[in-house]
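Structure, as structure tokens:
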Amino acid sequence: METEAQRSLSLRASRRTERSGWGTRRKGDETDVSANGSGLHDPLRMVWRKGFIRLVLVSAILWMLLILFALLFHLWSCHSSISFFSALCNQDSKVFIILDTMGLTSKPQHRCGIPVVDDPDTIVIPKRTPDTIPKSLTYVLEDEQENADEKSQPLFGGHQNWTQRENSFKLNTTMKVHCGFIKNGGGEMDAVDVKYAKKCRFVVASGIFDGYDTPHQPSNISQRSRELFCFLMVVDEVSFHFIKQNVTVREDSDGGNWVGIWRLVILHHPPYDEPRRNGKVPKILTHRLFPQAQYSIWIDGKMELIVDPLLILERYLWRGKHTFAIACHKHHRSIYEEADAIKRRKRYARPLIDLHMKIYRYEGMELWSPKKRTISDVPEGAVIIREHTAMTNLFNCLWFNEVNLFTPRDQLSFGYVVHRLGEEFKFFMFPNCEYNSLFILHRHTREHSSVVEWVKSLDEFKGNKTGLRETRGGLGLWKPYPGDLRSVQLPSVKRTSPAG
């Protein structure tokens, strides 16, 4: 019995010891869990982490699928038979322009690929575009002054009155208009250059005035284009001497002057006081300087052409059966936006810019909108591609007459002349990113600056004692206008870019 009692006491003691040890271990474990900052919360954290990783992976997959869908939709829309969708990938379409004005398109590229053919030797030159209206275009050659008693020196652009200006926009089968080169008005070429230019049917033209640049040699020119095109650089005498001092000028056996591929054509007796206005003569009146030319490509003097000119004609004229092509402005579509930028950047006298715009506003020139037939009213005029048809030549004359009468900022007059000619003048305005891919832009040898650009008030022109007022150009800003401009309010514009 004693033995059994002893065994019972021994079992009770061992159970107490186990319970005591288990409690001690439990307290120790709780202490360890507390110390390590984990425990019962670990499973929740693991679930949360796994859920987050899955969310990220699913989101990434969905985003990639969305991008793939957008690309496939873009490819499909470009080839869609539904006009609305196919217009989404056409930068020249109204749909694209409307979406762009709403800020729903991507930021335009500075440069983009030009869809030219692979080989200029494969290009077939088409037949000339027939003239319809006008069929015959002639030019005023003698200066006709309104007051016969007041005999003054003939002007290069002539003394065009307001009635003549208005009538010049009325299209007829036979037309005679002012178009510069009035007899004894300046702007004469040497006989040797006139003779050379007579053989030129395809022309790449450029110009340098007042010694602001030296000629830049074009690159990527095929042998066919070298034989087909005349590369003519129009310069004044100041620029000719500046070029001779800075680069090698070669004289041929006929007395012609050459810088590389460029034939220098000296324009004697510049017709205007303002070099920028002189530069508009070869730029806009290329057909008057080189009347035998059938096609021309104009590039500004600070540019280096890097695309074969035959490829340019095929891309911008022949492929779409156009006769005039010019790029749209990168930032502005309305001439009133462009005028505001010109004033901000002091590119011409602010009160004269305002007066110029008031005349256009009075004559019905509206702000640009997607409802207009053109994708922009403002061009990038540094590159102009033309077939010299009667209509193209008429447009050039009317455009030049506006530059002659008002300010030399030709981008302000371009859209106005397009507006006045209406549907009869058809042209191709191509994307700005293609324009920037046609050339390499070089800096001027010095910055152009004129005191007239800093004028803030018309009072500064009074008496013309300071010589601010031009004597041979912009005279339409000073003679009485046949309308009341005092009540004209220029439209407010939204400044979409700091660029001018």
Side-chain angles (χ1 to χ4, degrees), residues 91-92 114 116 125-137 139 168-169 171 175 177 179-180 200-207 229 280-300 305 307 309-329 333 335 368 372-403 410-432 434-435 438-439:
Q91 293 188 4
D92 298 334
I114 304 174
V116 295
I125 299 173
K127 293 182 179 180
R128 296 290 309 281
T129 303
D131 293 322
T132 54
I133 183 168
K135 280 184 174 293
S136 174
L137 179 66
Y139 311 113
S168 68
F169 292 107
L171 296 176
M175 297 184 69
V177 297
C179 199
C200 299
R201 299 294 179 269
F202 293 77
V203 170
V204 176
S206 188
F229 283 83
K280 310 308 175 187
V281 175
K283 174 179 178 176
I284 302 178
L285 299 183
T286 314
H287 70 287
R288 296 283 278 129
L289 273 173
F290 314 120
Q292 276 70 41
Q294 297 174 357
Y295 297 93
S296 68
I297 300 170
W298 167 267
I299 63 168
D300 277 1
L305 186 67
V307 178
L310 201 55
L311 298 181
I312 292 175
L313 291 182
E314 191 282 329
R315 160 69 180 110
Y316 296 108
L317 295 186
W318 299 333
R319 189 181 304 178
K321 297 182 179 180
H322 304 293
T323 59
F324 189 106
I326 196 168
C328 62
H329 196 279
R333 290 198 171 98
I335 64 169
W368 181 89
K372 286 196 171 186
R373 69 181 183 90
T374 57
I375 65 171
S376 174
D377 287 335
V378 186
E380 287 280 12
V383 176
I384 310 173
I385 306 150
R386 290 169 279 206
E387 180 184 0
H388 292 191
T389 64
M391 174 55 83
T392 297
N393 294 344
L394 173 65
F395 177 84
N396 294 333
C397 293
L398 301 183
W399 186 14
F400 179 81
N401 290 342
E402 296 299 293
V403 172
D410 56 78
Q411 65 270 44
L412 299 179
S413 304
F414 178 88
Y416 173 79
V417 179
V418 170
H419 160 69
R420 291 300 305 269
L421 290 180
E423 295 288 342
E424 294 298 331
F425 178 66
K426 297 176 175 62
F427 67 104
F428 177 35
M429 185 169 266
F430 55 91
N432 186 270
E434 287 190 30
Y435 156 83
L438 291 170
F439 58 84

* Check the angle between the aromatic planes of Phe427 and Phe425 and answer parallel, tilted or perpendicular using the 30° and 60° thresholds. => parallel

* To do: Assert yes or no for the condition that the ring centre distance of Phe414 to Phe395 is strictly below 6.0 Å.
  => yes

Can any side-chain N or O of [X] pair as donor or acceptor with the backbone N or O of [Y] at less than 3.5 Å?
X      : Y      : result
Glu380 : Tyr435 : no
Ser206 : Ile299 : yes
Thr392 : Phe324 : no
Asn432 : His329 : no

* Check ring-ring contact (aromatic ring centres under 6.0 Å, His included) between Tyr295 and all other residues, then give those that pass, not counting sequence neighbours. => Phe202, Trp318

* Can you sort out the partners of Trp298 under ring-ring contact (aromatic ring centres under 6.0 Å, His included), two or more places apart, ordered by chain and number? => none

* Go through the steps to decide whether Gln294 and Arg128 satisfy the test side-chain contact (heavy atoms from CB on, under 4.5 Å), and finish with yes or no. => CA-CA 8 Å; Gln294 297 174 357; Arg128 296 290 309 281; 3.2 Å; yes

* To do: Verify side-chain contact (heavy atoms from CB on, under 4.5 Å) between Lys426 and His322, making sure each step is shown before the conclusion.
  => CA-CA 7 Å; Lys426 297 176 175 62; His322 304 293; over 6 Å; no

* Please name the residue in the list Leu311, Ile114, Val383 that meets the side-chain contact (heavy atoms from CB on, under 4.5 Å) test with Tyr316. => Ile114

* Structure fact -> On a heavy-atom basis, the closest approach of Leu421 and Phe169 is CD2-O, 4.4 Å

* For Arg315 against Glu434, the heavy-atom pair lying closest together -> NH2-OE2, 3.0 Å

* Is it the case that Ser296 and His287 place a side-chain donor and acceptor less than 3.5 Å from each other? -> no

